[in-house]
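By convention in this document, chain letters (A, B, ...) are assigned in the order of the sequence lines, proteins followed by strands, and residues within each chain are numbered from 1. What you are looking at is a predicted structure, and each value in this text was computed from that prediction instead of being measured.
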Number of protein chains: 2
Amino acid sequence: MTRTSTLKEIAQKLNVSVSTVSRAVNNKEYVKEETRERVLKALEEYNYVPNEVARSLKKQSTRTIGVVVPDICETLFGTIIKGIDQVVSPHGYSIIVADTNESRKNEQKYLELLYQKRIDALVLATVDLNGRKVLQYLNSKIPVVFIDNIPKLKVPIESVTIDNAKASEVAVEYLVRHGHHRIAAIVGSIQETTGYERVAGYKRALISHGITVDDNLIRYGNYKENEGYLCMRELLDNRYQTSFTSVYIMSEMMTFGAIKAIRQYGLRIPEDLSVVGFDVHDKAGLVHPSITSIRQPEAMIGTRTGELLLERLAHMESGQTCERENERFLVEPYLEIGQSVWDVI
Amino acid sequence: MTRTSTLKEIAQKLNVSVSTVSRAVNNKEYVKEETRERVLKALEEYNYVPNEVARSLKKQSTRTIGVVVPDICETLFGTIIKGIDQVVSPHGYSIIVADTNESRKNEQKYLELLYQKRIDALVLATVDLNGRKVLQYLNSKIPVVFIDNIPKLKVPIESVTIDNAKASEVAVEYLVRHGHHRIAAIVGSIQETTGYERVAGYKRALISHGITVDDNLIRYGNYKENEGYLCMRELLDNRYQTSFTSVYIMSEMMTFGAIKAIRQYGLRIPEDLSVVGFDVHDKAGLVHPSITSIRQPEAMIGTRTGELLLERLAHMESGQTCERENERFLVEPYLEIGQSVWDVI
DNA sequence: GTGAAAGCGCTAACAC
DNA sequence: GTGTTAGCGCTTTCAC
C-alpha cells in the first residue's frame, strides 16, 4: 500500500523549503539546476503526485468542465462529449458529465452540484426552457456554452448548434429536386429552438420554391417515438384529402415512430411514400431501406465547443472580465442520402 | 455579476463565528434554532454556495468518480455510465469521464490526470492488458472496479461484467435447438477476457451437446468491423469443405462486417445462413432482417457498478482499510431474438 | 536562488 | 451553544 507524499514531506527529506520543491515541480525558473535534479529524483522516489485539489483551492480554478446532457446514450451527445474531451484534455481539463435523463428537476440538481464543485466552465444541453438555475452561472464569471437547445433567457448567450433552419431547407430542397411538392412535416415542440427553427426553415424553403404552406400537412409532436407514430397516423388518415408524396420528420425518435406507422399502413418506403428523417444513425449499415436523413456533424460540434471553451478559459486566465456576448456559432448540417426518397414523375 | 460568498464573510455579516455558520450549513447539531434560522436566511441573501474544493481538501475526499472507457459513443459504455451516474449522483458523487479512444497511451495519460484530481474511486474499461499505470490505484486505498475487460494482473481485482462464457453457451444452445450442428465462430482477441472466455464457452457448449469442436470453423479477429468481414470471407471460401449452417460472431463491429461479407456472397440471412451476433443494438427497430444477438444488460452493469462503488466508498468512510479481494461480479447476458436464425430440418 | 509565511475556504478538535 | 484555531496541500509574495 503505497502512499502519495506531499510537497512538505519531500521538502523535509531534502532539507529544502516547500517553495523550492514547488518551483521544481512546476518547472518554474529560479531553481538551481542541481537542486532541481535532486528534487525531481526525490519526487520519483517518494511517489509524489501533485494534489490538484489543493492547487485548485489556491488557484481558484479546478480545470474541470461540466457537461450536462439529457441522455448520454444518444449518439449525438456521446459524440459531442467525446469531441470536447479530445480538445480540452490535452490542456489538463477534465469533463464531469451529468445525465439529466430529460428531467428539468435533475438538470437543476446537477447544475447546483456542479456549481458547488466549482467547475471552470459549463456546457449545457438544456431541457429547461426558461432555465432559472442556469442564471446563477450566467451571472457568474465562468464560460457557458449551450448546445442542441437554446433557452429563452433575456441575457446574452453563447451556443454551438447546427443551423436548424438550414437543415430543413436542405431536406426540402432535396425533396423538391426529386419532384415532391406535397411534403408533409412532423415537428417537435415549437417551444424549443430545435422545433421552432426547423419548422420555420421548412416553411421558408417551401415558399422559396413557390409551394404554398399547407397547415394540414404539419403535425406537432414532442420528440418521442410514440408521438412520431401518432402524428404519422394522423397524416396518413387524411392522405386522400392532402395527397402528400413525402414526409420530413424533424427528430430521430419521431422518425422511427413515423416509419412504424407507415409500415403498419402497408405502405412501402420509398415506392409509396418518400421519407427524410433527422439524426438517423445507421452505424451498422443494416437498415433497409436506408433512410435519407439530416445529420449533425456531431464530432465537429464537440470540437468546436471545446475550442470555444479553451478560448474563453484562456481569456479569463489572462485576468479579463467575462463579458458575455450573444453569439451563436452555427455548424452546417448535412444530408445523408439513403434510399428512402423516390422520384415523383 | 453576482459573487458567491464564503463562510467567513457570512460569519462577519452576522457577527458569529465561522464554525457556527459551518454547523448551520451542514445541518449539524449544537446550533440554537434561532441562530440557525438567521444563518440560513443570510446564506440565501448573500448567495452562499459551499465550496466543494475546500471541503474536498479538508476531508480528503472529492466525491468524484473517474470512469475511463475506450469509446463513450458505444451504447454499451454510454448506458453503463448513465447507470453509474443514476446510482451515485443522489449521494453527491459526480462522474469524470475519460474517453481513451481505444488507445493505451491515452488510458495511461487519463489515469495519471485523474489520480492528480484525487478521484475517490475508479471504474475502468481497460484496453491495456498488462496495465501498469493502474497499479498505482490498486496500490492505493481507493476502490477500483473493472468493467468489460479484465487485465492480467497478479493482484486481487474487482469487476462487474457479463458472464462471457455463459453468453456463448446461450448462443450455441439456441442454434442447436434450431437444428444447427455446424456452427462457425468469429472470435475477438483471445488475449482479452472478452475473447478468451467467449470462445471457451462456445467450445464447452458444443461439447456438452455432443458436437465436436472443429478449428476450421473458428476464426480470430480483433473486434474491428473489417476483421469480421475478412474472417467471414475466409469461412465462406471454405464453405463447401466445412459446410456450416450458422455463424456466431462474438462482437458488435465484427457482426456488422460479417453480415456485409455474407451479403456480398449473395447469401440470404437466414435462408442460406443463420447468424447470431453480439451486442447488436437496433433502437430503431429498422434493421431487416433483425439480427438475433447476445446482449448485455448494460443499464444493470452500470447500476451494479454504482452500487458496488457506494458500498466500498461507505466502507472506506467508516475508516476501514481497503482490503482488496478478487471478486468478479457477473451479470447475466441474454439473447435478443430476431429473424436471423433459420430452422435446419 | 532560496526560504518564510500568508492564505485559498473549509472542517473539526478543543476551549469556554 | 458558540468561538478560536490548526491545518488540509498547495502557490505566491516578499524578504534575504
Inset, instruction - Please list, in 5' to 3' order, the outermost nucleotides of DNA chain C lying under 4.0 Å from any heavy atom of chain A. - result: C/dG1 to C/dG9

Legend entry - B/R104, CZ: over 12 other non-hydrogen atoms inside 6.0 angstrom: no

Inset, instruction - Determine: side-chain N/O of B/T20 to OP1/OP2 of D/dG3, distance under 4.0 Å, yes or no. - result: yes

Inset, instruction - Indicate yes or no for a side-chain donor-acceptor contact from A/T79 to the backbone of A/E298 under 3.5 Å, with no hydrogens or angles considered. - result: no

Inset, instruction - Send over the distance from B/K59 NZ to D/dA6 P, rounded to a whole Å. - result: 22 Å

Legend entry - Interatomic distance, A/L7 CG vs D/dG7 C1' [rounded to whole Å]: 16 Å

Inset, instruction - Taking atom NZ of B/K41 as the centre, report whether more than 12 heavy atoms of other residues, nucleotides or ligands fall under 6.0 Å from it. - result: no

Legend entry - Member of A/L310, A/D85, A/V87 meeting the side-chain contact (heavy atoms from CB on, under 4.5 Å) criterion with A/Y93: A/L310

Inset, instruction - Please answer whether the main-chain N or O of A/A299 pairs with a side-chain N or O of A/T303 as donor and acceptor at a distance below 3.5 Å. - result: yes

Legend entry - Atom-to-atom span, CZ of B/R118 to P of D/dC8 - whole angstrom: 14 Å

Inset, instruction - State, yes or no, whether a side-chain contact exists between B/R118 and B/T64 at a heavy-atom distance under 4.5 Å. - result: no

Legend entry - Residue pairs fulfilling ring-ring contact (aromatic ring centres under 6.0 Å, His included) with at least one residue in residues 104-143 of chain B, sequence neighbours excluded: B/Y115-B/Y137

Inset, instruction - Return yes when atom CD of B/E33 has more than 12 non-hydrogen atoms of other residues, nucleotides or ligands closer than 6.0 Å, and no otherwise. - result: yes

Legend entry - Under 3.5 Å: donor-acceptor pair, side chain of B/E107, backbone of B/V127: yes

Legend entry - Stepwise side chain to side chain contact (heavy atoms under 4.5 Å, CB included) test for A/L313 and A/I65: CA-CA 10 Å; A/L313 254 7; A/I65 295 168; 4.3 Å; yes

Inset, instruction - Report the C-alpha distance between B/T6 and B/N51 in whole Å, list the side-chain angles of each, state the deciding distance to 0.1 Å, and finish with yes or no for side chain to side chain contact (heavy atoms under 4.5 Å, CB included). - result: CA-CA 8 Å; B/T6 67; B/N51 185 323; over 6 Å; no

Inset, instruction - Nearest whole angstrom, please: distance from the C1' of D/dC10 to the NZ of A/K8. - result: 12 Å

Legend entry - Nucleic acid contacts - residues 25-38 of chain B versus DNA chain C, non-hydrogen atoms under 4.0 Å: B/N26, B/K28

Inset, instruction - Examine distances only and state if a side-chain atom of B/N149 and a backbone atom of B/A125 form a donor-acceptor pair shorter than 3.5 Å. - result: no

Inset, instruction - Would you please confirm or rule out a distance under 4.0 Å between OP1 or OP2 of D/dC10 and any side-chain N or O of A/S22? - result: no

Legend entry - Sub-4.0 Å heavy-atom contacts from residues 40-55 of chain A onto DNA chain D, ordered by number: A/Y48, A/P50, A/N51, A/A54, A/R55

Inset, instruction - Run the salt-bridge test on A/R312 and A/E158 with the 4.0 Å N-O cut-off and return the result as yes or no. - result: yes

Inset, instruction - Starting from the first five and the last five pairs of the helix from C/dG1-D/dC16 to C/dC16-D/dG1, work out the angle between the resulting helix axes, to 10 degrees. - result: 40°

Legend entry - Per A/K58 side chain, nearest of listed nucleotides D/dT4, D/dG9, D/dC8: D/dG9

Inset, instruction - Could you walk me through whether B/T126 and B/V134 pass side chain to side chain contact (heavy atoms under 4.5 Å, CB included), step by step? - result: CA-CA 9 Å; B/T126 189; B/V134 74; over 6 Å; no

Output one line per pair: protein atom, nucleotide atom from nucleotides 14-16 of chain D, and distance, for all N/O pairs under 3.5 Å.
none

Legend entry - Straight-line distance of A/S5 OG to A/Q12 CD, nearest 0.5 Å: 11.0 Å

Legend entry - Under-4.0 Å salt bridge between B/E112 and B/K109: no

